[in-house]
Number of protein chains: 2
Amino acid sequence: MSHMGYSRLMAVDRDHVLRTAAALLTRKSTATMDEVAKAAGISRATLHRHFAGRDALVRALESLGIAECEAALDAARLDEGPAADALRRLVRETEPAAGLIAFLYTENQLFEGDERNDGWARVDDRIAALFRRGQESGAFRIDLTPAWLTEALYGLLTACAWAVTEGRVAPKDFTHMTVELLLGGALRQDASPREES
Amino acid sequence: MSHMGYSRLMAVDRDHVLRTAAALLTRKSTATMDEVAKAAGISRATLHRHFAGRDALVRALESLGIAECEAALDAARLDEGPAADALRRLVRETEPAAGLIAFLYTENQLFEGDERNDGWARVDDRIAALFRRGQESGAFRIDLTPAWLTEALYGLLTACAWAVTEGRVAPKDFTHMTVELLLGGALRQDASPREES
DNA sequence: CCACGGTGAGACATTCATGTCTCACATGGG
DNA sequence: CCCATGTGAGACATGAATGTCTCACCGTGG
């Protein structure tokens, strides 16, 4: 490990492969190992040298996703300032990883019987703690449990990531759409709605 | 077609098979045709007699899901009364089909290249029209587009359905958690939050 | 210059879900 | 009673994705 530079025939960058695979599997969750290798610009043999199999690749993606979530959690400084602002920062920091999170959130249904990566428990706990803090400070309503708000955050991130890829939401609106719906909901709060019908 | 009654060895009820398959695939989206047949109490041969293949089964489930959505849309009477109340009725009517919707919402990623069942366009339009009506009446905020609110509804239904199956949300709270988050968001509106930190 | 490590390409066997077929059997109607 | 229909069980072939292996090649470092 002296130069860190690499031509197209040098040692494969594990991180580059993982991020390429994440980008591909985000769009097509059933992509073949061959397609993943092609997307990363390497051969299937080399891909298999770095990740023993598809399971290992998905597990590595899971670890990457957890790491990115924790990095976003760190960068958002959830303990500082109003909980609502902390949540806004969290969503903003999470946006680059939203596609990967969407893939893992829907793929996790496959790991039902197996042992669950306990990294998710750590991430879930930190997010739930933010919602709990907001409830205790009086900023968040208490009839929605922190566990549900955490799941709702995952769900909205996933929905908005897909909506962006399908062109239903503009990429620049990702953070606004996600965080505003999660925080304020669809109802207007400022004005009294005029009755209809 | 005289009696419509059937013993356990008589003609298989297509609707029963579909609903059993929906319930199974909701929990395990990768279930094999053999597992689907076992769950429905029939043999794989019989299952294949009714649905030419897995694709045909998923398509039939898609049609069932669209039909249930349209039935819920009809029952919710979206044109009557305040839009917020109409949305509450819609979520309540949709709850029984939430698992199936969750399966289709995540499985639809697989039908990217193929032709899309235009039934979803009808459902999407009716839901988006509800949100638009709410915006025009002044009840819903206008910075969240109807298309995004529609996607968010799907996403929250899916997230809440999964949260219920995983025990993170009580089944009886399904409608409340979903509709209250979608309408009101996480923030308290009545009281001014006391500042923290 | 040469040996070594990492890679690409391809062949090959394996596994698994699927699609298809046959046969035996139970039920219900004529 | 006997036949038609629909079913269950199982065998079989197919296709796709995967896992494993070999071989040739290239660049690096000695």
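Note on naming: letters A, B, ... go to the chains in the order of the sequence lines (proteins, then strands), and numbering restarts at 1 for each one. Keep in mind that the numbers below use all heavy atoms, side chains included, and drop hydrogens, waters and symmetry copies.
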**Request:** Quick one: list whatever passes ring pair (Phe, Tyr, Trp, His ring centres under 6.0 Å) with Phe103(B), sequence neighbours left out.
**Result:**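 Result, ring pair (Phe, Tyr, Trp, His ring centres under 6.0 Å) vs Phe103(B): none returned.
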Taking the basic N atoms (NZ, or NE/NH1/NH2) and the acidic carboxylate oxygens, is any pair closer than 4.0 Å for [X] and [Y]?
X         : Y         : result
Asp15(B)  : Arg19(B)  : yes
Asp79(A)  : Arg126(A) : no
Arg89(A)  : Glu80(A)  : no
Arg122(A) : Asp125(A) : no

Measure from [atom1] on [X] to [atom2] on [N] and round the result to the nearest Å.
X        : N       : atom1 : atom2 : value
Leu47(A) : dC21(D) : CG    : P     : 17 Å
His16(B) : dT7(D)  : NE2   : P     : 13 Å
Arg14(A) : dT7(C)  : CZ    : C1'   : 18 Å
Ile42(B) : dG8(D)  : CD1   : P     : 6 Å
Leu57(A) : dG19(D) : CG    : C1'   : 15 Å
Arg49(B) : dT5(D)  : CZ    : C1'   : 11 Å

**Request:** Estimate the overall bend of the helix from dC1(C)-dG30(D) to dG30(C)-dC1(D) from the end axes over five pairs each, rounded to 10 degrees.
**Result:**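 Roughly 0°, once rounded to the nearest ten degrees.
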**Asked** Taking the six-membered ring for Trp, are Phe140(A) and Phe131(A) parallel (under 30°), tilted (30 to 60°) or perpendicular (over 60°)?
**Response**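 Aromatic pair Phe140(A)/Phe131(A) classed tilted.
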**Request:** Please say which of Tyr105(B), Trp148(B), Tyr154(B) ends up in a ring-ring contact (aromatic ring centres under 6.0 Å, His included) with Trp162(A).
**Result:**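 Exactly one option meets the ring-ring contact (aromatic ring centres under 6.0 Å, His included) with Trp162(A), and it is Tyr105(B).
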Are any protein N/O atoms closer than 3.5 Å to N/O atoms in nucleotides 18-20 of chain C? If there are, list each pair with its distance.
| from | atom 1 | to | atom 2 | distance (Å) |
| --- | --- | --- | --- | --- |
| dT18(C) | OP1 | Arg54(B) | NH1 | 3.1 |
| dT18(C) | OP2 | Met33(B) | N | 2.8 |
| dG19(C) | N7 | Arg44(B) | NH1 | 3.1 |
| dG19(C) | O6 | Arg44(B) | NH2 | 2.9 |

